[in-house]
Q: 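There's a structure below that I have some questions on.
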Amino acid sequence: MSTTLVIVESPSKAKKIQGYLGSGYTVRASLGHIRDLPSTKAEIPEKYASEAWARLGVNVSDSFKPIYIVPAGKKKVVAELRALVKTADRVLLATDPDREGEAIAWHLVAALGLKSGFERMTFHEITKEAIQAAAQHTRPIDYALVGAQESRRIIDRLLGYGVSPLLWNSISSGLSAGRVQSAALVALAHREQARMAHVSAPYWRVTAQIGDKKPFTATVLGVSGQRLATPKDFDPATGQLKTDALVLTAEQAGQLVTFLKARPVTVLSTECVPYSTKPPTPFTTSTLQQEASKALKFNPKQSMDVAQKLYEGGHITYMRTDSPSLSDEATSAARAVAVAAFGLGAVPSVPRTYAAKAKNAQEAHEAIRPSGKVFKAPETTGLTGDERALYDLIYRRTVASQMLDLTGMKTTLILKAGAVQLGVIGRTVTEPGFTQLYQDVQEGDSEESQVLPDVPQGATLPVKDAKAEEKKTPAPGRFTEASLVRALEKVGVGRPSTYASILSTLDHRGYTRVVKRQLTVTWLGLLVSAYLAQACADLVDVQFTAHMEAELDQIAEGALKREAYLTRFWSEGFARTIAQAPQRAPSVPVPRVPGAVVTVRGGEVILALEGRTAPLPVDLVPDDLTSEVAADLLAGKVPLKRPATKRSTTPRTKGDKAGVTRSSRKKTAP
DNA sequence: CAGTGAGCGAGCTTCCGCTTGACTT
């Protein structure tokens with residue numbers, strides 16, 4: 001009897017597909033990539049060890065030929081697959097339908113020594129029909145797409161292994177740089193610098209309670225035709241007013257309050273316009289991480305760990321995806337849940353469809369959603385704790401994505417009291433739509449959702465109360481782990497499978513710390529960022545990845561040759577940049593301490609001011625380095641006792657060894 | 001004479017992306 005070996009990436013998927021294909025097929029998983037460039041010196045095959053380029057794993061002097069090895073952890077699975085190939089008549093390479101999956105298929109061919117009798121099988125949905133059809137409609141491997149993946153791999157290797165040593169020589173041993181992590185680090189550094197450079201400006205906000213029966217709050221917009229200043233009117237770098245808006249003094253604000261309390265207001269104009277809000281899209285990895293962060297206070301790593309459990313338990317579809325699209329079966333299932341819960345009118349007559357917005361989205365998988373043709377209600381799953389909470393979020397989000405828009409009326413009232421103009425925006429809901437099931441978690445905005453009375457133009461309303469609050473323009477907020485993921489996704493940096501690990505790399509290198517769920521960059525992070533900005537400006541350009549992706553697309557289409565691209569990128573580009581890079585310690589100014597800089601000496605981060613130096617505690621947040629703290633440090637005193645910042649729980653990665661070098665660096669002189 | 005410790009030098013670190021379990025804490 002003839003057998004066909006089908007190789008997919010994920011074991012859970014293998015199990016399911018085995019059930020759909022039945023006897024005659026053996027379905028196994030590769031567990032992701034099975035070959036890679038040598039990662040450490042010990043992995044370099046002996047025959048290349050003496051080559052000048054061996055450390056890179058890529059022959060940069062001969063058409064960028066890579067050295068591929070089977071890493072120790074993958075030897076077992078390769079051996080098992082080899083054994084199965086011997087007894088199979090045919091091999092279907094059913095790895096994911098994206099660039100990486102195509103490459104894995106080709107690596108399988110090479111590692112398993114396949115000469116013929118292999119085909120590429122692809123599918124976007126795991127249903128019996130889709131799988132059986134896919135097994136019938138195979139195709140050859142797309143070698144151009146494999147070339148694009150290989151180019152991506154080589155670029156990341158050359159950049160990472162090319163630039164990291166500059167950091168060892170200039171700052172400290174064991175540090176790292178790369179296309180993705182350095183883009184993330186620079187984004188964090190820019191935000192931290194903006195925070196430190198921010199000069200907040202005081203301004204007054206004056207509000208009045210208006211109306212008898214259903215009082216509402218209106219805000220003073222202007223006086224005698226001159227607009228009152230709001231945060232947007234100030235230059236964040238100087239705190240100076242940059243427009244002709246009016247900034248009240250405390251006295252004027254008080255006078256305004258007295259003035260308002262003494263007379264009624266007239267309705268100058270009313271505007272009532274309908275508005276609507278669409279439901280959120282079904283979850284991708286990135287949006288799941290963001291919402292789980294807001295609603296459940298999970299960090300991205302926790303979200304992925306819990307989602308993995310749900311996936312393995314058959315409760316949800318695959319959790320590493322960049323596509324918000326739902327299969328037909330999922331769309332029907334979601335609509336059925338909505339109709340059962342809220343009636344026939346709960347869903348639009350035409351089902352909603354979703355497509356990825358990101359340019360480099362590969363859409364190899366569906367959105368993250370409850371599995372199956374019929375969604376199990378959360379209370380019938382038997383799940384508890386975090387798994388139940390995350391499943392519930394996924395369930396509601398998926399069903400909500402198929403429900404009606406929220407619709408209502410948005411009312412804008414403009415009022416006046418003498419020369420004082422006030423304004424208020426209110427909203428009423430006519431059709432709650434999807435919000436019956438799912439509401440985005442967001443803070444504040446309560447005034448925006450006030451219900452306003454129906455008042456005609458020219459009407460007079462009493463003022464119940466008025467008050468003035470002194471406000472300060474806020475500094476830009478720090479990223480959370482999840483909001484950094486969103487920012488990276490927006491510029492196409494990183495992939496669903498790597499978002500959580502990018503954060504752990506930054507943490508393990510000592511570039512960031514998570515403090516009260518906020519992602520703060522350390523002084524070491526600022527130093528590395530400053531060094532890269534001057535030595536390797538192209539690497540930290542936010543557009544770098546987008547440009548790379550455009551070239552990779554051309555390679556995949558056959559319009560650009562792999563070698564031509566790599567030569568331009570490396571031999572005529574980065575190789576020169578790296579050779580010319582200055583190898584000396586960077587230093588960054590301390591905005592809160594004039595004349596002071598933070599720099600590195602002997603691999604240790606130090607503060608220097610007027611010839612005196614002191615080592616900086618690793619957990620000191622840059623924002624907290626004030627003149628007082630600096631004086632204490634330089635006097636040899638331990639500054640204010642801060643609660644030990646708990647290191648975020650991060651996955652153990654191959655690169656975990658950096659923690660050792662950091663703790664040795666942390667040691668202070670006796 | 002054997003054991004200890006300071007000091008020195010050599011060797012290694014490092015990327016991104018695809019998957020799980022096998023490890024510790």
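Just so it is clear: chains get the letters A, B, ... in the order the sequence lines come, proteins before strands, and each one is counted from 1.
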Q: Does the base of dC18(B) carry an N or O that pairs as donor and acceptor with the side chain of Arg320(A) under 3.5 Å?
A: no
Q: Given atom CG of Leu81(A) and atom P of dT19(B), what is their separation to the nearest angstrom?
A: 16 Å
Q: May Trp168(A) be described as stacking on the base of dT14(B), applying a 5.5 Å centroid limit and a 30° limit on plane angle?
A: no
Q: For a quick test of reading the model, state the closest non-hydrogen atom pair linking Leu539(A) to Leu159(A) and the distance between them.
A: CD1-CD1, 3.7 Å
Q: Do the numbers put Arg509(A) on top of the ring of Tyr511(A), so that NZ or CZ is under 6.0 Å from the six-membered ring centre and no more than 45° off the axis?
A: no
Q: With a 4.0 Å limit, can you tell me whether Ser30(A) has a side-chain N or O closer than that to the phosphate oxygens OP1/OP2 of dT19(B)?
A: no
Q: Just call it for Gly178(A): base, sugar-phosphate, or nothing, with non-hydrogen atoms closer than 4.0 Å on any strand.
A: sugar-phosphate
Q: Which part of the nucleic acid, if any, lies within reach of Arg152(A) when heavy atoms closer than 4.0 Å are counted: base, sugar-phosphate only, or nothing?
A: base
Q: For DNA chain B, what string of dots and brackets results from 5' to 3' when Watson-Crick and G-U pairs need both distances under 3.5 Å, crossing pairs get [ ], and pairs with another strand get |?
A: .........................
Q: Tell me which one of Leu616(A), Ile171(A), Thr599(A) satisfies side chain to side chain contact (heavy atoms under 4.5 Å, CB included) with Val605(A).
A: Leu616(A)
Q: For the side chain of Leu31(A), starting at C-beta, report the closest nucleotide among dT20(B), dT13(B), dC18(B).
A: dT20(B)
Q: Nearest-nucleotide wise, let me know which of Ser12(A) and Arg179(A) is further upstream toward the 5' end of DNA chain B.
A: Arg179(A)
Q: Mind listing the closest non-hydrogen atom pair of Leu112(A) and Val78(A) along with its distance?
A: CD2-O, 3.8 Å
Q: At under 4.0 Å between heavy atoms, what does Pro165(A) touch on the DNA or RNA strands: base, sugar-phosphate, or nothing?
A: base
Q: Considering every strand and a 4.0 Å limit on heavy-atom distances, what is the contact class for Gln149(A): base, sugar-phosphate, or nothing?
A: nothing
Q: Does NZ or CZ of Arg90(A) fall inside the cone over Phe118(A)'s six-membered ring, less than 6.0 Å from its centre and within 45° of the axis?
A: no
Q: Testing the basics here: between Ala54(A) and Ile44(A), what is the closest heavy-atom pair and its distance to 0.1 Å?
A: O-CD1, 3.5 Å
Q: Any idea which heavy atoms bring Asn169(A) and Gln583(A) closest together, and the distance?
A: ND2-OE1, 2.7 Å
Q: Is there a donor N/O on one and an acceptor N/O on the other, under 3.5 Å, for the side chain of Ser10(A) and the base of dT19(B)?
A: no
Q: Classify the nucleic acid contact of Ala177(A) as base, sugar-phosphate or nothing, counting any heavy atom under 4.0 Å across all strands shown.
A: sugar-phosphate
Q: Tell me: NE2 of His508(A) to P of dT13(B), nearest whole Å?
A: 17 Å
Q: Compare side-chain N and O positions of Arg509(A) against OP1 and OP2 of dC15(B) and report whether any pair is under 4.0 Å apart.
A: yes
Q: Given dT20(B), dG17(B), dT13(B), identify the nucleotide with an atom nearest to the side chain of His33(A).
A: dG17(B)
Q: Taking all heavy atoms of Pro324(A) and all of Pro282(A), pick out the closest pair and write down the distance.
A: O-CG, 3.3 Å
Q: Find the distance Leu37(A):CG to dC15(B):C1' and express it as a whole number of Å.
A: 9 Å
Q: Starting at CZ of Arg153(A) and ending at P of dT14(B), how long is that distance when rounded to a whole Å?
A: 14 Å
Q: Find which nucleotide of DNA chain B each of Glu312(A) and Leu158(A) is nearest to by heavy atoms, and output the residue with the more 5' nucleotide.
A: Leu158(A)
Q: Is Tyr499(A) touching bases, backbone alone, or none of the nucleic acid, heavy atoms closer than 4.0 Å?
A: nothing
Q: Would you indicate, yes or no, if dC16(B) has its OP1 or OP2 atom less than 4.0 angstrom from a side-chain nitrogen or oxygen of Tyr161(A)?
A: no
Q: How close do Ser164(A) and Ala177(A) get, heavy atom to heavy atom, and via which atoms?
A: OG-N, 3.1 Å
Q: Tell me: CE of Met304(A) to C1' of dT19(B), nearest whole Å?
A: 12 Å
Q: Would you say a side-chain N or O of Arg495(A) is under 4.0 Å from OP1 or OP2 of dC18(B)?
A: yes
Q: Would you indicate which nucleotide in dT14(B), dT19(B), dC15(B) comes nearest to any side-chain atom of Arg55(A)?
A: dT14(B)
Q: From OH of Tyr511(A) over to C1' of dT13(B), roughly how many Å is that when rounded to an integer?
A: 11 Å
Q: State which of dC16(B), dC18(B), dT13(B) makes the closest approach to the side chain of Asp96(A).
A: dC18(B)
Q: Which residue in the set His107(A), Arg35(A), His33(A) passes side chain to side chain contact (heavy atoms under 4.5 Å, CB included) when paired with Val70(A)?
A: Arg35(A)
Q: In whole Å, what is the span from the NZ atom of Lys74(A) to the C1' atom of dA22(B)?
A: 14 Å
Q: Look at all strands and tell whether Gly494(A) reaches a base, only sugar-phosphate, or nothing, counting heavy atoms closer than 4.0 Å.
A: sugar-phosphate
Q: Ignoring backbone atoms, establish whether Ser164(A) has a side-chain N or O less than 4.0 Å from OP1 or OP2 of dC15(B).
A: no
Q: Looking at every strand, decide which applies to Arg157(A) at a 4.0 Å heavy-atom threshold: base, sugar-phosphate, or nothing.
A: base
Q: In this structure, how many angstroms lie between the C1' atom of dA22(B) and the CG atom of Asp305(A), rounded?
A: 14 Å
Q: Of all the choices, dC15(B), dC18(B), dT19(B), which nucleotide is nearest to the side chain of Pro11(A) once you look at every atom?
A: dT19(B)
Q: Between dC18(B) and Arg35(A), is there an OP1 or OP2 to side-chain N/O distance shorter than 4.0 Å?
A: no
